[in-house]
Q: 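Handing you a structure now.
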Amino acid sequence: MDLRGFLTVVVRRWPSCAVCLLLGALAAWAVNTLTTPVYEARTQLFVATHTGPDTMQLNQGQSFSQARVLSYANIVNTRQVTEAVVKELRLPTTPDELAGRIRAEAPVNTVLIDITVSDTDPQRAARTANAVAVRFGRVVERLETPPTVVSADVTAAAAAVSPVTLGVTQRATVPSVPVSPRPLINFGVGLIGGLLLGAALAALRETLDTTIKTAEALGELTALPPLATIPFDGDAQAHPVTVGEAAHSPRAEAFRRLRTNLQFAQVGEKPRIISVTSSLPGEGKTNTAANLAASLARAGVSTCLVDADLRRPCVARTFGLVQDAGLTSVLIGHASAADVMQQATAGLAVLTSGPMPPNPTELLSSSRMGEVLRELADCYEVVIVDTAPLLPVADTVGLAPLTEGTLLVVRASKTTRDQVRTAVDSLRNVGARPLGAVFNMAEVPKGGYGSYGTYGELPAPRPAVRRRDASQAFDTGARG
């Protein structure tokens, strides 16, 4: 997945990213609300060395102080300092806990020591920092006092003979702004973390999602030409066949493109008996077969639509026709095709399924079924056969070799790669001829189709032509 593909995935799965972004913001808000504010008070000490008036002694004293100051900084949070401060200020804490809230830093090439004390009470933080600085100075001066001059009065002896003196250069003041939590930083981290989590979740879902998202992916998987991409239309259930006002919709234009691409995909050998199937139910095969047949009929091509899905027939309901007599009546010899043929929109001839038989697989793969299809091909220029899904039942596996080509309908973001691969292999294993794939119920591009959805009125359907003009009518209608 390249950067462009990754961004496409994030945009397509924006609800997940939005939820993660909201969770990140809520987490930041919770941290800012529930965290107790912490304040820091800072004080600064200067380490002075007792030296003589000449320059050499001054330089030696400066070098001595810089060499010692780093060691002094490590003494500030020892118990010698913290115990006395806790007792002096009567702090509600232990010396060890106070030591964890004291931080000392000695800037490089200086004789300064910065002491920082953190506390939930800003006034207590300032008092503690000043007390620590005073006590720390006394401890260091005592440690630097030679043992021979240590007297009972520790402070007096250290002040008298210690080679260094620690003076407070900056007393701690009461802080007004807490150092923790930091609302802006927390919100920024929460938003960035939520965005990264959303992007990772989108990428993970895309990796685990094996459904087919684009017509290009469908073509790469099946090695079949994607003949058309049918956009999703919320009105398709109420108006399954694109007639009337629906004949000028993007969905109707997609079926006209399917009609044209089907003709040009088989330039040297145009199939006249075409079966339409899918991997599973619910992918729109019946709708595709009905609209393809209606599109051919409106272009002046003599077309017959056969409902060969004998388990869940839908063609009769799609066109509002009678289903009681149809294909099964012809197969068992109770009627001829002409007797039960019905007329639908735009002069389209429809042979419905008829009564549901107990043995649909045997009927559809019988030699009689092949004879019926050839008889229809002699009467019509194109015969479109709506068949059952490939994976649940074996009906289409037996019927497909009797046709001259098969269209595979694949539903966008619904059918998985394994299901499509298995369906194509099933057709090829029985010697059927896959003509191409139809990518159905695809997401409408952002912004729709611009102004071309109402670009102008389409030419009126041509009248049906005679049998001897079949080839010319099919070619001319496909270019319409």
Side-chain angles (χ1 to χ4, degrees), residues 218 221-227 258 262-263 265-281 283 285-286 288-290 292-293 296 303-315 326-333 337 351-354 356-410 415 419-438 474:
L218 176 60
L221 176 67
T222 61
L224 298 176
L227 299 179
L258 171 60
L262 181 61
Q263 180 232 346
Q266 307 293 333
V267 176
E269 185 180 356
K270 297 183 178 63
R272 295 172 53 209
I273 306 175
I274 302 172
S275 60
V276 181
T277 187
S278 62
S279 303
L280 297 172
E283 298 190 56
K285 63 173 185 59
T286 299
T288 301
L292 174 60
L296 288 169
T303 308
C304 176
L305 174 62
V306 179
D307 190 353
D309 187 349
L310 303 184
R311 297 178 186 267
R312 293 183 181 178
C314 298
V315 172
L327 177 61
T328 54
S329 305
V330 177
L331 292 177
I332 62 178
L351 181 61
T352 59
S353 63
M356 297 181 65
N359 55 342
T361 303
E362 289 75 12
L363 282 179
L364 294 175
S365 60
S366 64
S367 58
R368 177 55 184 159
M369 182 65 189
E371 294 174 359
V372 171
L373 292 177
R374 287 190 295 272
E375 292 173 2
L376 294 175
D378 291 336
C379 300
Y380 299 93
E381 300 169 55
V382 179
V383 178
I384 304 296
V385 185
D386 178 32
T387 65
L390 282 164
L391 301 187
V393 293
D395 299 4
T396 304
V397 175
L399 173 61
L402 303 179
T403 65
E404 298 176 359
T406 302
L407 288 179
L408 180 64
V409 178
V410 176
T415 314
Q419 291 168 347
V420 173
R421 190 181 296 111
T422 303
V424 174
D425 291 343
S426 300
L427 293 174
R428 289 172 174 163
N429 289 339
V430 296
R433 178 189 178 191
L435 300 176
V438 178
F474 189 87

Q: Does Thr277 reach the main-chain N or O of Ala388 with its side chain, forming a donor-acceptor pair under 3.5 Å?
A: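 Side chain of Thr277 to backbone of Ala388, a donor-acceptor pair under 3.5 Å: yes, one is there.
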Q: With side-chain contact (heavy atoms from CB on, under 4.5 Å) as the criterion, how do Val385 and Leu402 come out once you've worked through the C-alpha distance, each side chain's angles and the decisive distance to 0.1 Å?
A: CA-CA 11 Å; Val385 185; Leu402 303 179; over 6 Å; no
Q: Starting at CD1 of Ile273, measure out to CG of Leu376 and round the result to the nearest 0.5 Å.
A: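 Reported value, rounded in 0.5 Å steps: 8.0 Å.
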Q: With a 3.5 Å distance limit and no angle check, can you tell me whether Thr328 reaches the backbone of Ser353 through a side-chain donor-acceptor pair?
A: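 A pair under 3.5 Å: yes.
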Q: Between Leu407 and Leu227, does the side-chain contact (heavy atoms from CB on, under 4.5 Å) criterion hold? Intermediate values first, please.
A: CA-CA 9 Å; Leu407 288 179; Leu227 299 179; 3.4 Å; yes
Q: Give me the atom names and distance for the closest heavy-atom approach of Asp307 to Pro313.
A: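 That would be OD2-CB, 3.3 Å.
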Q: Testing Leu363, Ile332, Leu364, Val315 one by one against Leu327 for a side chain to side chain contact (heavy atoms under 4.5 Å, CB included), which residue passes?
A: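 The residue from Leu363, Ile332, Leu364, Val315 that satisfies side chain to side chain contact (heavy atoms under 4.5 Å, CB included) with Leu327 turns out to be Leu364.
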Q: Go through the steps to decide whether Asp386 and Thr286 satisfy the test side chain to side chain donor-acceptor pair (under 3.5 Å), and finish with yes or no.
A: CA-CA 6 Å; Asp386 178 32; Thr286 299; 2.8 Å; yes
Q: Restricting to non-hydrogen atoms, name the atom on Arg428 and the atom on Thr222 that form the minimum distance, rounded to 0.1 Å.
A: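 Closest approach of Arg428 to Thr222: NH2-O, 3.2 Å.
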Q: Run Arg311 and Thr361 through side chain to side chain donor-acceptor pair (under 3.5 Å) and show every step you take.
A: CA-CA 10 Å; Arg311 297 178 186 267; Thr361 303; 3.3 Å; yes
Q: Side chains of Leu399 and Ser275, heavy atoms from C-beta outward: is any pair under 4.5 Å?
A: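 No. Closest side-chain heavy atoms not under 4.5 Å.
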Q: Find the distance between CE (Met356) and CZ (Arg312) and round it off to the nearest 0.5 Å.
A: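 Reported to 0.5 Å precision, the distance equals 9.0 Å.
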Q: Taking all atoms of both residues into account, what is the closest heavy-atom pair of Ser278 and Lys285, and its distance?
A: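 Distance-wise, the nearest heavy atoms are OG-CD, 3.6 Å.
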Q: Could you walk me through whether Thr387 and Asp309 pass the side chain to side chain donor-acceptor pair (under 3.5 Å) check?
A: CA-CA 5 Å; Thr387 65; Asp309 187 349; over 6 Å; no
Q: Taking all non-hydrogen atoms of both residues, which atom of Leu408 and which atom of Ser279 are closest, and how far apart?
A: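 For Leu408 versus Ser279, the nearest heavy atoms are CD1-N, 4.1 Å.
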Q: To the nearest 0.5 Å, how far apart are CD1 in Ile384 and OG1 in Thr288?
A: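 Taking CD1 in Ile384 and OG1 in Thr288, the distance rounds to 11.0 Å.
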Q: Could you point out which residue of Leu305, Leu258, Val382, Val438 forms a side chain to side chain contact (heavy atoms under 4.5 Å, CB included) with Leu292?
A: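 In the set Leu305, Leu258, Val382, Val438, the residue that makes a side chain to side chain contact (heavy atoms under 4.5 Å, CB included) with Leu292 is Leu258.
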Q: Closest heavy-atom contact between Thr396 and Pro389?
A: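 Closest pair (atom of Thr396, atom of Pro389, distance): OG1-O, 4.2 Å.
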Q: To the nearest 0.5 angstrom, please state how far the OH atom of Tyr380 sits from the CG atom of Leu296.
A: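 Taking OH in Tyr380 and CG in Leu296, the distance rounds to 14.0 Å.
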Q: Are Pro281 and Pro392 side-chain neighbours, meaning at least one heavy-atom pair lies under 4.5 Å?
A: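 Yes. Closest side-chain heavy atoms under 4.5 Å.
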Q: Does Glu375 come within less than 4.0 Å of Arg368, counting only side-chain N to carboxylate O?
A: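 Between Arg368 and Glu375 there is a salt bridge, with a charged N closer than 4.0 Å to a carboxylate O.
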Q: Can you name the closest pair of heavy atoms from Pro401 and Val397 and give their distance?
A: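 Closest pair (atom of Pro401, atom of Val397, distance): CD-O, 3.2 Å.
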Q: Can you tell me how far CD1 of Ile274 sits from CZ of Arg433, rounded to the nearest 0.5 angstrom?
A: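 So the CZ of Arg433 and the CD1 of Ile274 are separated by 9.0 Å.
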Q: Quick check for you: to the nearest 0.5 Å, what is the distance between Leu435 atom CG and Thr406 atom OG1?
A: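 Rounded to the nearest 0.5 Å, the CG-OG1 separation comes to 6.5 Å.
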